[in-house]
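Only one structure is covered here, and it is reproduced in the block below.
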Amino acid sequence: MIRRAAFAVLLAASATTALAQSHNSKPQPVPVVDTIPPAVDTPYPGTMTIDIDATDTARGIFTIHQTIPVAKTGDFVLLFPKWVPGGHTPRNEIEKMVGLRVTGGGKAIPWTRDTVDMYAFHLDVPRGVKTLQVDFQYATATRADQGRTMVTPNLISLEPIVTSFYPAGYFVRQIPVKLTVKYPEGWTAASALNARVSGSTYSYEPTNYEILIDSPILAGRYYRKFALSPQVNLNAFADNPQELAAATPEMIAAHKGIVDQAVKLFAAQHYDHYEFLMSISNELGGIGLEHHRSTEIGVRLGYFSEWAMNAASRNVVPHEYTHSWDGKFRRGAELWTPDYRYPMRDMSLWVYEGQTQFWGYVLQARAGLVSKQDTLDQYAAIAANLDNTPGRNWRALIDTTNSPIISNRKPMAWTSYQRGEEYYNEGLLVWMEVDSILRERSHGTRSMDDFAKAFFGINDGDWGEVTYTFDDVVRTLNDIQPYDWRGFLTKRLTEVGQPAPIGGFERNGYKLVYTDVPTTATRPSDPSRRMADFNYSLGLGIGSDGTLSTVRWGSPAFDAGLTVGDAIIAVGDMGYSEARLKAAVVAARGTKEPIVLTIKAGEQVRTVKLDYHDGLRYPHLVKVGTGETGLDKLLSPR
């Protein structure tokens with residue numbers, strides 16, 4: 001009887017709630033109407049001009065004046081670029097665009113930001129107005145927590161993508177444009193765009209808006225230019241002249257080797273000339289961003305002056321250069337867009353970035369930019385990281401291509417489980433498997449070199465874009481060596497709950513093992529940036545001050561309740577040091593005694609005990625068998 005009474009009360013309450021809700025207000029959504037004209041492949045009537053004053057290095061403010069011929073009066077839409085080529089995400093920093101003022105015929109023209117697309121601005125252009133005058137400033141980051149630093153007392157990274165607007169309704173390749181920039185007195189600027197120089201003012205050659213956006217500028221007080229080939233230059237800028245003076249002929253020869261080996265590999269060049277734009281600075285924000293005829297590379301001081309200690313920083317050179325072929329010339333069909341509002345879909349990044357990652361390590365070894373042994377050690381670190389990534393149990397490789405859009409490239413606490421942009425390194429592993437299968441099934445007569453020539457080595461001298469689909473990748477592989485490439489690649493892209501695909505290394509003659517001896521190939525030379533590597537033992541990466549930079553999901557550290565941002569202040573009854581923690585791990589091996597740490601999290605201090613007894617573990621690739629293996633051949637210069 002009690003149960004029946006309770007059930008009756010519940011029914012009555014539900015009925016009362018439903019009745020009450022029936023009297024609540026119930027609005028309907030306002031329809032979302034796209035009022036911005038779609039891009040069409042029609043020439044824009046007239047040439048835009050962009051004049052930039054980049055002399056305010058004290059405050060890092062660019063002042064921009066832009067003239068835009070009016071295509072039609074009435075509703076006119078100005079677009080600030082939204083989707084960043086090479087960034088794979090709509091992350092352009094429009095919040096730093098300030099002071100926007102538009103005039104026409106000598107009168108102010110009010111603007112209204114689109115209510116749906118925050119990068120679009122509507123104008124009602126009066127009849128008779130032929131040209132719009134657009135004035136604004138771009139206020140660059142003044143601290144690291146505001147974004148990438150683009151201006152310092154000695155360096156400027158000037159990006160046309162943040163210092164210009166463009167009219168909606170046209171393919172950007174159809175919009176003519178001319179850029180002029182004034183730099184600080186005595187500075188030099190470098191770009192893929194040729195310029196006429198008058199004092200500190202550079203007047204760049206007329207081009208179209210697509211090429212302009214793809215042609216960033218690096219300028220600075222201290223500069224050296226190194227010719228790497230008749231068509232390729234290394235433009236190096238630094239915080240001080242001593243860093244540039246440290247570049248030896250042998251170092252430059254290694255960079256020349258990258259160009260030589262890449263051209264031999266791809267058998268074509270997709271540029272009229274190519275400019276490496278390298279900043280060597282502890283002040284300017286770091287970067288590695290590809291462009292068709294140039295690349296932006298931002299590394300820290302010591303690139304030349306501490307050469308022997310900086311092998312890890314040099315991979316960015318062949319990686320970004322490879323993008324001229326893979327990503328810029330050959331581009332996934334869904335990644336090619338007519339303007340910077342049209343959404344990019346990132347599903348082909350396992351080729352765009354994954355195969356570029358593959359070739360970047362191959363070319364660094366072939367050129368001698370990084371030694372073969374250091375390259376093997378770097379491979380080992382990549383393989384081990386994915387071999388210990390529990391996130392592979394739930395998230396497939398193909399879904400990680402969505403990561404730039406999902407996370408907007410923000411830091412994550414649990415990278416080993418959340419998974420970030422692993423299409424880079426897991427893509428590398430997949431392409432290493434492809435190389436090993438090609439060699440195995442062709443009895444050593446075919447390899448990834450054949451794919452590079454067939455897929456990227458077409459149309460020598462063409463620096464437009466040729467798009468591709470998954471079917472094109474499969475077809476090219478089958479033309480080189482028949483196999484179930486569709487089934488193989490589909491499995492690798494979509495599988496979960498399987499071990500990392502590191503079998504390509506073993507099939508090519510090298511095996512992943514763990515020993516108690518670390519490698520130095522991945523350690524930065526700057527002591528303040530070094531991480532103590534306990535990733536494959538305790539499951540920790542630790543900064544120089546004892547702060548945990550990584551905690552691997554499911555590791556002993558994870559099981560003990562540790563998290564990123566905690567700090568180790570003591571090992572046992574002694575203050576923390578990397579050496580003391582290593583000694584504690586060694587002492588606990590084969591015993592039942594826990595490793596005792598004192599942890600500070602915010603204002604709280606606690607003691608934790610790590611139940612780990614397998615000693616120190618660091619990854620290495622060791623050769624299996626004798627003779628020249630597939631990997632040996634892959635890394636050998638051509």
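- Side-chain N or O atoms of K453 include one that pairs as donor or acceptor with a backbone N or O of L265 at under 3.5 Å.
- Checking side-chain atoms of W111 against main-chain N and O of L100 turns up a donor-acceptor pair under 3.5 Å.
- Counting only N and O atoms by type, the side chains of N208 and R173 include no donor and acceptor under 3.5 Å apart.
- The closest donor-acceptor contact from the side chain of D53 to the backbone of T63 lies at 3.5 Å or more, if one exists at all.
- Looking at R330, its side chain does come within 3.5 Å of a backbone N or O of F455 through a donor-acceptor pair.
- Here R293 contributes atom CZ and W463 contributes atom CH2; the two are 3.5 Å apart, rounded to the nearest 0.5 Å.
- Formation of a donor-acceptor pair under 3.5 Å by the S324 side chain with backbone atoms of H292 is found in this model.
- A donor atom on one side chain and an acceptor atom on the other are found under 3.5 Å apart for D135 and H65.
- For the residue pair G46 and P176, the shortest heavy atom distance occurs at O-CD, 3.4 Å.
- Classification of the Y423-H88 ring pair by plane angle, with boundaries at 30° and 60°, yields perpendicular.
- Annotation: side-chain contact (heavy atoms from CB on, under 4.5 Å) contacts of P85 (sequence neighbours excluded): I161, K328, Y340, M344.
- Nearest heavy atom pair, residue G420 against residue T400, reads O-CB, 3.4 Å.
- By the 4.5 Å heavy-atom criterion applied to side chains, W336 and Y468 are not counted as neighbours.
- Tested against W431 for a ring-ring contact (aromatic ring centres under 6.0 Å, His included), the candidates W359, Y424, F358, W350 yield a single pass: W350.
- Distance CD/Q269 to CG/D460: 6.5 Å, rounded to 0.5 Å.
- Of the possible donor and acceptor atoms, none in the side chain of N315 sits under 3.5 Å from a partner among the backbone N and O of A312.
- Aromatic rings from H319 and Y361 are positioned such that their centres are separated by 6.0 Å or more.
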**Working for side-chain hydrogen bond (donor to acceptor under 3.5 Å, both in side chains), residues H323 and E353** = CA-CA 8 Å; H323 272 313; E353 295 290 3; 2.9 Å; yes

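- Salt-bridge formation is detected for the pair E426/R419: a Lys NZ or Arg NE/NH1/NH2 atom is positioned less than 4.0 Å from an Asp or Glu carboxylate oxygen.
- T163 approaches I64 most closely through the heavy-atom pair O-CG2, 3.6 Å.
- Between D114 and T35, the side chains place a donor N or O and an acceptor N or O closer than 3.5 Å (distance only, hydrogens not considered).
- With a 4.5 Å cut-off on side-chain heavy atoms, I36 and D34 count as touching.
- T89 pairs by the side-chain contact (heavy atoms from CB on, under 4.5 Å) definition with R91, P404, I405, N408, not counting sequence neighbours.
- Of the possible polar contacts, none joining the W187 side chain to the T55 backbone as a donor-acceptor pair under 3.5 Å is found.
- Formation of a donor-acceptor pair under 3.5 Å by the T140 side chain with backbone atoms of G60 is found in this model.
- Under the 4.5 Å side-chain criterion, counting only non-hydrogen atoms from C-beta, Y271 is in contact with V232.
- For the 3.5 Å distance criterion, the side chains of Y222 and N240 fail to qualify, holding no donor opposite an acceptor.
- Side-chain contact between P153 and E283 is present, with heavy atoms from C-beta onward closer than 4.5 Å.
- Atom-to-atom distance recorded for I258:CD1 and S229:OG is 12.5 Å, nearest 0.5 angstrom.
- The residues D339 and R341 are annotated as not salt-bridged, no charged nitrogen and carboxylate oxygen being separated by less than 4.0 angstrom.
- L335 places a side-chain heavy atom less than 4.5 Å from the side chain of L349.
- A pairwise comparison of heavy atoms in Q357 and N425 identifies NE2-OD1, 2.7 Å as the closest pair.
- Although no hydrogens or angles enter the test, the distance criterion places a donor-acceptor pair under 3.5 Å between the side chain of H273 and the main chain of A192.
- Side-chain contact check for S164 versus Y209: some heavy-atom pair is nearer than 4.5 Å.
- Proximity of F304 to R224: side-chain heavy atoms (C-beta onward) are nowhere separated by under 4.5 Å.
- Between D51 and K182 there is no salt bridge, since none of the side-chain N atoms of the basic residue sits less than 4.0 Å from a carboxylate O of the acidic one.
- Ring-centre distance between H255 and F276: not below the 6.0 Å cut-off.
- A donor-acceptor pair under 3.5 Å links the side-chain atoms of H270 to the main chain of F456, judged by distance alone.
- Using a 4.5 Å heavy-atom cutoff, the side chains of V181 and L158 are in contact.
- Remark: D326 pairs with no residue by the salt bridge (charged side-chain N to carboxylate O under 4.0 Å, His left out) rule, at least two apart or across chains.
- Atom CG of L78 and atom CG of L123 lie 5.0 Å apart (nearest 0.5 Å).
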**Asked** What do the steps show when you test Y183 against Y202 for ring-ring contact (aromatic ring centres under 6.0 Å, His included), and what is the final call?
**Response** CA-CA 8 Å; Y183 301 100; Y202 283 57; 5.2 Å; yes

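- Atom CD of residue E422 and atom OG of residue S403 lie 8.0 Å apart, to the nearest 0.5 angstrom.
- Of all non-hydrogen atoms in V317 and M278, the two that sit nearest each other are CG2-CE, 4.0 Å.
- The distance from the CD1 atom of I280 to the CG atom of L301 is 7.5 Å, given to the nearest 0.5 Å.
- Heavy atoms only, all atoms of each residue included: V129 and G104 are closest at CG1-CA, 3.8 Å.
- Residues Y321 and Y274 place their aromatic rings such that the two centres sit under 6.0 Å apart.
- Take W414 and apply the ring-ring contact (aromatic ring centres under 6.0 Å, His included) test, not counting sequence neighbours, and it matches W553, F558.
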Less than 3.5 Å apart, which donor and acceptor atoms pair up between the side chains of residues 67-77 and the rest of the protein, not counting sequence neighbours?
residue, atom, partner, partner atom, Å
T67, OG1, T49, OG1, 2.3
K72, NZ, D75, O, 2.5
D75, OD1, H122, ND1, 3.4

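- Residues passing the salt bridge (charged side-chain N to carboxylate O under 4.0 Å, His left out) test with R409, sequence neighbours excluded: E421.
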